[in-house]
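What follows is one structure encoded as structure tokens, with my remarks underneath.
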Amino acid sequence: MEKQGLASMSDQARLHWTELGDTARKPPVVLLHGGPGLPDYLGELAPMVADLAPVYRYDQRGTGRSPWQGRHLLARHVADLAELLDTWDAPEAVLIGHSYGTDLASRFCLAHPDRVAAMLLMCGPFTGDWRAGYRAERELRMSVAQRTRLQELEAVPRRTEEQEAELLTLAWFTDHTEPGRGWDWAAQGARRRRPVNWAMNAELREEGHADPLDGHLSELRACLPARAELLGGTDDPRPMAALESLARRLALPLTRVEGAGHEPWLEQPGAVRARLRRFVRGVENEVSKVGGADA
């Protein structure tokens, strides 16, 4: 049964979290959602591994059920995760990040390597010169009318609810392999992943551009946990070549999920479930071996 709670941060912000599974089992899994600026949307992933380890999710500050006003900083979001682990009585955790959540996981690992038992980076982080290829592929997947309409909506200073949903659907449907189903998934997400904290999105992106993860890859490679992997959908409009380059630079294995885009669990749930379970089981086995050796 899922449990929910609110955790108070050191700056008085309150973050909403959910828990699924037996919390007596250590280490827990923490799912880090993307955005930035979206509420948590990884509820479909939690049951895939909750019988193997407890799974925690949370709405990042300023999103979903974690209302907060103020400037967003990457270091503060890293600190939030550390304080949440303290709340959950978890000295370390298995981090599974998606999209922007992979950047957050990587920066947390840089700051707190002793608290990362293992790390699976799903559909990110994208480093290097990947944006031009992403924009070109995204445009190829849209009609002229769709591109024009998206630009019109982006220029509207104060969008109505209907306009916001239309903008998000247009922005997200190209993330998927098949246009028809992709449109349906994007439309569902446009209704559920609301409201978008656009200020948070702009502030964290600006800081990320000023201090890109690219400049910390050697340091990240040196502090990665023994078990760390990358996973990506082969049909993600963001170039797979960027993930392949990152895998080489970090010396990490990369799982390619065929027939899947930026949210591979939607299009290939069986393949993603199998990969996540193998990953978490591997961590569980390593913990058991260490425990046996200590005994």
Side-chain angles (χ1 to χ4, degrees), residues 33-42 44 60 62-64 72 98-103 122-210 212-214 232-245 257-268:
H33 67 81
L38 300 178
D40 171 60
Y41 53 79
L42 297 177
E44 293 176 68
Q60 295 159 16
T63 72
H72 289 272
H98 173 253
S99 197
Y100 159 72
T102 65
D103 190 278
M122 188 183 312
C123 305
F126 288 91
T127 59
D129 185 18
W130 62 273
R131 291 179 178 83
Y134 167 53
R135 287 192 292 266
E137 179 60 29
R138 187 183 178 192
E139 288 191 3
L140 283 174
R141 299 184 186 194
M142 302 178 78
S143 68
V144 173
Q146 288 170 334
R147 291 197 297 271
T148 301
R149 181 56 177 162
L150 179 58
Q151 291 168 358
E152 291 173 351
L153 290 167
E154 288 173 335
V156 175
R158 293 186 178 179
R159 290 182 289 270
T160 65
E161 284 293 309
E162 289 185 1
Q163 288 174 328
E164 183 80 347
E166 184 183 3
L167 178 143
L168 294 174
T169 302
L170 284 165
W172 292 342
F173 87 95
T174 57
D175 280 346
H176 306 286
T177 302
E178 198 267 308
R181 295 177 72 196
W183 186 272
D184 291 340
W185 281 319
Q188 291 172 15
R191 291 192 298 270
R192 297 172 183 170
R193 302 175 188 181
R194 300 284 298 285
V196 177
N197 189 329
W198 291 109
M200 172 184 173
N201 181 278
E203 289 164 359
L204 292 184
R205 286 184 183 276
E206 179 183 2
E207 189 180 358
H209 290 155
L213 193 59
D214 306 54
T234 59
D235 294 332
D236 192 334
R238 299 154 189 80
M240 176 58 70
L243 283 187
E244 292 170 343
S245 174
V257 182
E258 299 289 338
H262 193 58
E263 298 178 24
W265 63 89
L266 293 177
E267 293 169 298
Q268 300 296 337

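Note that the structure is predicted; figures quoted are calculated from it, not measured. The first residue of the sequence shown is numbered 1, and numbering continues consecutively from there.
- Remark: Asp214 pairs with Thr127, Pro212 by the side-chain contact (heavy atoms from CB on, under 4.5 Å) rule, at least two apart or across chains.
- In this structure, the side-chain contact (heavy atoms from CB on, under 4.5 Å) partners of Glu139, at least two apart in sequence or on a different chain, are Arg147.
- Remark: side-chain polar atoms of Gln60 are paired, donor with acceptor, to backbone N or O of His33 under 3.5 angstrom.
- Shown here are the side-chain contact (heavy atoms from CB on, under 4.5 Å) partners of Arg181, two or more places apart in sequence or in another chain: Glu178, Trp185.
- Atom OG1 in Thr234 sits 6.0 Å away from atom CE in Met240 (nearest 0.5 Å).
- For the pair Leu243 and Arg238, the minimum side-chain heavy-atom distance is 4.5 Å or more.
- Summarising the geometry of Cys123 relative to Asp236, their closest heavy-atom pair is CB-OD2, 4.2 Å, with the distance given to 0.1 Å.
- To the nearest 0.5 Å, the span separating CH2 on Trp265 from CE on Met122 amounts to 6.5 Å.
- Contacts of His262 classified as ring pair (Phe, Tyr, Trp, His ring centres under 6.0 Å), with partners at least two apart in sequence or in another chain: His98.
- Thr63 contributes atom OG1, which lies 8.0 Å from atom NE2 of His72 (distance to the nearest 0.5 angstrom).
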key: Leu38 and Val196: CA distance, side-chain angles, deciding distance, side-chain contact (heavy atoms from CB on, under 4.5 Å) verdict   = CA-CA 5 Å; Leu38 300 178; Val196 177; 3.7 Å; yes

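- Take Glu267 and apply the side-chain hydrogen bond (donor to acceptor under 3.5 Å, both in side chains) test, not counting sequence neighbours, and it matches Thr177.
- Applying the side-chain hydrogen bond (donor to acceptor under 3.5 Å, both in side chains) criterion to Arg193, with sequence neighbours excluded, gives Glu263.
- Every side-chain hydrogen bond (donor to acceptor under 3.5 Å, both in side chains) that Glu161 has, sequence neighbours left out, goes to Arg194.
- Side-chain contact between Leu150 and Leu167: present, with at least one pair of heavy atoms (C-beta onward) separated by less than 4.5 Å.
- Asp184 CG: more than 12 foreign heavy atoms inside a 6.0 Å radius.
- The shortest non-hydrogen separation linking Leu170 to Met142 is O-CE, 3.8 Å.
- The side-chain heavy atoms of Arg205 and Pro36, taken from C-beta on, include a pair separated by under 4.5 Å.
- The two residues Pro195 and Pro39 have their closest heavy-atom pair at O-CD, 4.2 Å.
- Checked against side-chain hydrogen bond (donor to acceptor under 3.5 Å, both in side chains), Arg192 has no partners two or more places apart in sequence or in another chain.
- Closest non-hydrogen pair, Pro237 versus Arg141, comes out as CD-NH1, 3.6 Å.
- Thr169 pairs by the side-chain contact (heavy atoms from CB on, under 4.5 Å) definition with Trp183, Ala186, Ala187, Ala190, not counting sequence neighbours.
- For the pair Tyr100/Leu204, a side-chain contact is recorded, criterion being any heavy-atom separation below 4.5 Å from C-beta on.
- Remark: Glu207 engages no residue in a salt bridge (Lys or Arg N to Asp or Glu O under 4.0 Å) (not counting sequence neighbours).
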(Q) Assess the residue pair Arg138 and Asp175 against the criterion (salt bridge (charged side-chain N to carboxylate O under 4.0 Å, His left out)); give the C-alpha distance rounded to whole Å, side-chain angles, the decisive distance to 0.1 Å, and a yes or no. (A) CA-CA 8 Å; Arg138 187 183 178 192; Asp175 280 346; over 6 Å; no

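- For residues 130-157, the pairs satisfying ring-ring contact (aromatic ring centres under 6.0 Å, His included) are Phe126-Trp130, Trp130-Tyr134, with sequence neighbours left out.
- Taking the salt bridge (Lys or Arg N to Asp or Glu O under 4.0 Å) definition, one finds that Arg159 meets it with Glu164, sequence neighbours left out.
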